[in-house]
2 protein chains.
Amino acid sequence: MVPQWIIEKKRDGRALADEEIGFFIQGYASGVIPDYQMAALAMAITLQGMSPDETVALTRNMLASGITLDTSSLRNPKIDKHSTGGIGDKVSLVLAPLVACCGIAVPMIAGRGLGLTGGTIDKLESIPGYRTHLDEAAFLHVLHTCGCSIIRAMDNLVPADNKLYALRDVTGTVPSIPLIVSSILSKKLAAQPDGLVLDVKWGHGAFMTTRSGAEALTRALVTTGRRLDLRMAALLTDMNQPLGRAVGNSLEVAESVDVLRGNGPADVVALTLELGVRMLMMGHVAADRKQALERLRAKLQSGEAFERLKTMVRLHGGDPRALDDPARLPSATIREPLPAHRAGFIQTVDAEAIGRAALLLGAGRARVTDKVDPTAGIAALKKIGEVVTVGETLAILHTNRRDRLEEARALSADAFRITVEHVSPPPLIALEI
Amino acid sequence: MVPQWIIEKKRDGRALADEEIGFFIQGYASGVIPDYQMAALAMAITLQGMSPDETVALTRNMLASGITLDTSSLRNPKIDKHSTGGIGDKVSLVLAPLVACCGIAVPMIAGRGLGLTGGTIDKLESIPGYRTHLDEAAFLHVLHTCGCSIIRAMDNLVPADNKLYALRDVTGTVPSIPLIVSSILSKKLAAQPDGLVLDVKWGHGAFMTTRSGAEALTRALVTTGRRLDLRMAALLTDMNQPLGRAVGNSLEVAESVDVLRGNGPADVVALTLELGVRMLMMGHVAADRKQALERLRAKLQSGEAFERLKTMVRLHGGDPRALDDPARLPSATIREPLPAHRAGFIQTVDAEAIGRAALLLGAGRARVTDKVDPTAGIAALKKIGEVVTVGETLAILHTNRRDRLEEARALSADAFRITVEHVSPPPLIALEI
């Protein structure tokens, strides 16, 4: 086989055979096939698509490029959750310890933020001492001890995806369903879960801006996952406004603590419970939705889920006191309130604009090599449907970059539209599979 | 401007502005934009196309990436020929000295093999000593002395195309009309010819496998060339079977010598004369087709054209004795005849399959850095319409790679279809502009 024949075949819209995909991906992972051939194939895949068979083969071969973590010693059903990424999405921090309290094992391999969306790994790294890089033995130790562990991928775990993910970012090949599906599932499969609950985002703040695009991605993920013997469930959820009231790493950790203490924004609580219900039912630790909800609510209210997060943080080398006392979390030197210029109902809170503003303030990275400021972001966000008076605070900008403040303030102000007419909050869940 | 934004714009099917094309091409030529981003853009252009304006802008920017050669001191009309490349196309080796004998100056900048098709430069380099790399002064000296010179582009002549041509070869982005047009014309324009006669190939063995695709390419070349102030003429010719009876570098040199000695395959002779007629008429050195044909035939028959090739070879440092005595050309250690398994008329000789087989035998390159084996290829090819008996030789495979022989033999055997019914040879010229 010759790499360019495979590229040409896909360019011409024909389906690639399993062994052709394997040859290309293993060659790319090992460095025999250079970036420029992978870039050409990625663009051909982006424009010509892939069949379900090809997507399955791509996922399998990505997985086969690296090691897998042997989690077979875990007794509890292993159910993972994946979100396609959104502004203010801190659900994993609440959900993992919560379902672990209910008898689910959560061996979660998460990513860093890129572009506008934050990454779970960046959020965890804002907790003083938290190590996101564990070896297999340490990962299993945490899982056996507290039922959940959130780590970032080791270099030898799906190395083909590590390379391809960075390449896609700079070659215009991010929004391709087969490439997204294989990237997500290969990384998830490396921890050998029994099932996966997906939270696919759609809207201004998601990378699938249209509902139809997000639906197509959801169906492709579920179909491919099932063909790879994963139990699959998926929710398609709203990302037109940010999730919760906080965007930015340590600000989102603080909000997660609020939720685990029985408070927190209603949308974060609702989404966490909905995803938790699917995880419990998928793991057969709850008989039905009602029982699942009761168990989850009880673990939140008793504080057990919060204690579980603190245990997980301690096992990762982090300081659990930073969760008991948010003053121990790093914080920004500048806190700038954004006042409302008119009274009325909040009609829109453009998630993309809030994401761009948070990135400017230091909360995200424009390039893979950028450093994230853990303290930067936007907090106390008003939500769609809420009422404000003139001068009332719509949000508080947190940053250490005074030079970026003006631009971020203008962007954030533009994100809000206020109307005199009554506005209902948008439905959180658009579709369920 | 950010390179991936330009890639994304083309990916989404939108037209690029002149300055965006300039930014990308100059960035690529200077090494600021890496191969993988150029590969992604090339694939997006291949699948989404370019408008006439974009193609003109791409050609101008490619040309502007390097120097131009000042050929204004040549007295004879400067008419160049370009073939889009086919299996066994060695016409330039015959045509350049032939029309030079008739008063045309041929400042030809040629390329290396691309995809399955051989390059004139690779063929010339199989002549011992022939230097394809001359500086501007040496090139002009050869042109003033013998009227024709075939060189490969200096590194600073259309450097963007030098890099892109090699990259396209290994990224499946060869058959793109705007990329072909800008590559051909930028390189041709660098030698400042007055006119250009095109031989656009269509069929299994050409970039353009369909007649309609080749017609579109022909029209795009002619339109773009005229917008760039070149006189243009074009023939659309058959490349469903290989041209002539030899494929591979030194094998094709030997066949060119046959033609220049008044022998050689009828199709190579006919095509050379047809292109020569257009060049003579475009240069106003013949009044009409009849006169042009007479002059060309006379120069072939007198041996003057052959002497002119030898002069050109000598001026390039090559050994003209290798042309007088083909035994001095390099030859392969393995020569394997391919026997006919049935008797009848040759119905098809799949040029693509023959090209792939020749590549396997060593005559082409799968990667930019691959070396071509000058001795490898396929000779003594039967032509469509010829009669064979059982066991008669359909072709002879030449190679130094015994490990590749079996696969190449299977490919070559599949290229031939034999029927009991009478078959006429296909028409050589499908369209003329």
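Here is how names work: the chains are called A, B, and so on, in the same order as the sequence lines, proteins then strands, and each is numbered from 1. No experiment lies behind these values; they were computed from the predicted model shown.
In this structure, the separation between CG on B/Asp169 and CD on A/Gln4 is 6.5 Å, given to the nearest 0.5 Å. A/Met43 CE to B/Ile7 CD1: the interatomic distance, rounded to the nearest 0.5 Å, is 6.0 Å. Taken to the nearest 0.5 Å, the CD atom of B/Gln37 stands 15.5 Å off from the OH atom of A/Tyr36. Going from atom OG1 of A/Thr171 over to atom CD of B/Glu8 covers 9.0 Å, rounded to the nearest 0.5 Å.
Both the backbone and the side chain of A/Val170 come within contact range of chain B, with heavy atoms under 4.5 Å apart. In this structure, chain A has a heavy atom under 4.5 Å from the side chain of B/Thr46, while its backbone stays farther away. Proximity to chain B (any heavy atom under 4.5 Å) is shown, for A/Ala44, by both the backbone and the side chain. Residue contact with chain B, scored on non-hydrogen atoms closer than 4.5 Å, involves the side chain of A/Leu167 exclusively.
B/Arg11 contributes a side-chain N or O that, together with a main-chain N or O of A/Gly172, makes up a donor-acceptor pair within less than 3.5 Å.
Note: B/Ala40 leads B/Ala42, B/Pro34, B/Ala40 in heavy-atom pairs under 4.5 Å with chain A.
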